[in-house]
Amino acid sequence: MKLEKIFEVKDGRLYRIGGGEVSTDGMAERVRWSDVEPEPGVYDETFLAALRDELKACEAQGTFAYIDAVFDRDGDAAQFTAAMKHCARRIKDCASVAGFSIPGRLADGGFGEGSAAATYMQELSQKHAHYVYFCKMPAPGVVLLH
C-alpha cells in the first residue's frame, strides 16, 4: 500500500503540500527501540499492534504524528535502523504518520552519503517515500526540531 505524500520540508520547516506551515508541537509519538525490539532479533508485535491502533485513531481524528524514534539500548546504528524499519512496516497503512525522527546518536556523524543518518533515511524511505524526517540537528530536507 502506497500512501500519498502530504508534507514537504522547506528551510527546516514542515509544510502541508499545497498549504501552509504545520506546527510540530504535540506531533511526536515516542517509540523506544527497546519497545520495538526488547531482545536482539525479537520484535514485540503486541506493542506494534497497539501503536498501529493509536495511529489509526489519529487518522480517524484527522491529526498527524511523527515517530520520535529513541535509541535507548545497546546496539549499533544498523540494528536500530532495522528495528525502526520493521516498525515502519507494521504501521505502513497509517496515513497519520508524517515520518520518523533521526536520533542524535545517528545524526552526530552527519548526513553525508554512507552516514548512519543517511542510511537510516534511505532504508525507511524504500517503502515509505512519503515520510519526512525530523531532527534536532540542521540538515538538508530535514524538519528542524527545537
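- Between the side chain of Ser115 and the backbone N or O of Ala118 there is at least one donor-acceptor pair closer than 3.5 Å.
- Under the 4.5 Å side-chain criterion, counting only non-hydrogen atoms from C-beta, Leu14 is not in contact with Tyr66.
- Between Phe7 and Phe64, the ring planes are perpendicular. Angles over 60° get that label, and only those under 30° would be called parallel.
- Heavy-atom minimum distance, Thr24 versus Val143: CG2-CG1, 4.0 Å.
- When the side chains of ILVMFWY residues are joined at heavy-atom separations under 4.5 Å, either directly or via intervening members, Val142 and Leu124 end up in a single hydrophobic cluster.
- To the nearest 0.5 Å, atom CD1 of residue Ile102 and atom CG of residue Asp68 are 11.5 Å apart.
- A perpendicular orientation is assigned to the rings of Tyr120 and Phe100, their planes being inclined by more than 60° (bins at 30° and 60°).
- Annotation: side chain of Leu48 is not in contact with side chain of Ile91 (no heavy-atom distance under 4.5 Å).
- Side chain of Gln79 to main chain of Asp76: a donor-acceptor pair is present (N/O by atom type, distance under 3.5 Å, no hydrogens or angles).
- Taking the side chain as every heavy atom from C-beta outward, Asp44 and Asp35 never approach each other to under 4.5 Å.
- Across all their heavy atoms, Val22 and Arg16 have their closest contact at CG2-N, 3.7 Å.
- Lys5 places no side-chain N or O within donor-acceptor distance of the main-chain N or O of Val132, the cut-off being under 3.5 Å.
- When only modelled atom types and interatomic distance are considered, Tyr133 and Ser125 share a side-chain donor-acceptor pair under 3.5 Å.
- Open room surrounds CZ on Arg13; 12 or fewer heavy atoms of other groups in view lie less than 6.0 Å from it.
- Put simply, the side chain of Ile67 reaches to within 4.5 Å of the side chain of Val97, judged on heavy atoms.
- Looking only at side-chain heavy atoms (C-beta outward), His86 and Glu45 come within less than 4.5 Å of each other.
- Within the 4.5 Å cutoff, the side chain of Lys56 has heavy atoms near those of the Cys94 side chain.
- A distance-only check finds no donor-acceptor pair linking the side chain of Arg52 to the backbone of Asp93 [under 3.5 Å].
- Within a 6.0 Å sphere centred on CD of Gln126, heavy atoms belonging to other residues, nucleotides or ligands number more than 12.
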Given side-chain contact (heavy atoms from CB on, under 4.5 Å), test Ile6 with His130 step by step and report yes or no. CA-CA 7 Å; Ile6 298 172; His130 63 287; over 6 Å; no
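- When side chains are defined from C-beta on, Phe80 does not count as touching Val70, because their heavy atoms never get closer than 4.5 Å.
- Here CD of Glu29 is found 6.0 Å from CG of Leu51. Values are rounded to the nearest 0.5 Å.
- Of the possible polar contacts, one joining the Asp72 side chain to the Ser34 backbone as a donor-acceptor pair under 3.5 Å is found.
- Between the CZ atom in Phe71 and the OG1 atom in Thr81 there is a gap of 8.0 Å [rounded to 0.5 Å].
- At a threshold of 4.5 Å between non-hydrogen side-chain atoms, the residues Lys92 and His128 count as touching.
- Counting all heavy atoms, side chain and backbone alike, Ser101 lies closest to Ala69 at OG-N, 2.8 Å.
- Remark: side-chain polar atoms of Glu59 are not paired, donor with acceptor, to backbone N or O of Thr63 under 3.5 angstrom.
- Annotation for Lys136: atom NZ does not count as buried by contact number, only 12 or fewer foreign heavy atoms lying within 6.0 Å.
- Residue Gly75 comes nearest to Arg105 through the heavy atom pair O-NH2, 3.7 Å, listed as atom of the first residue, atom of the second, then distance.
- Closest non-hydrogen pair, Ala117 versus Ala107, comes out as CB-CA, 4.2 Å.
- Side chain of Ser96 to backbone of Cys58: no donor-acceptor contact under 3.5 angstrom is found.
- No side-chain donor-acceptor contact under 3.5 Å links Tyr131 to the backbone of Met121.
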Would you please test Arg32 and Arg73 for side-chain contact (heavy atoms from CB on, under 4.5 Å) and show each step? CA-CA 9 Å; Arg32 300 178 318 181; Arg73 67 179 191 90; over 6 Å; no
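- With hydrogens and angles disregarded, no donor-acceptor distance shorter than 3.5 Å links the side chain of Glu8 to the backbone of Tyr15.
- Taking every heavy atom of both residues into account, Cys135 and Phe111 meet most closely at SG-CZ, 4.0 Å.
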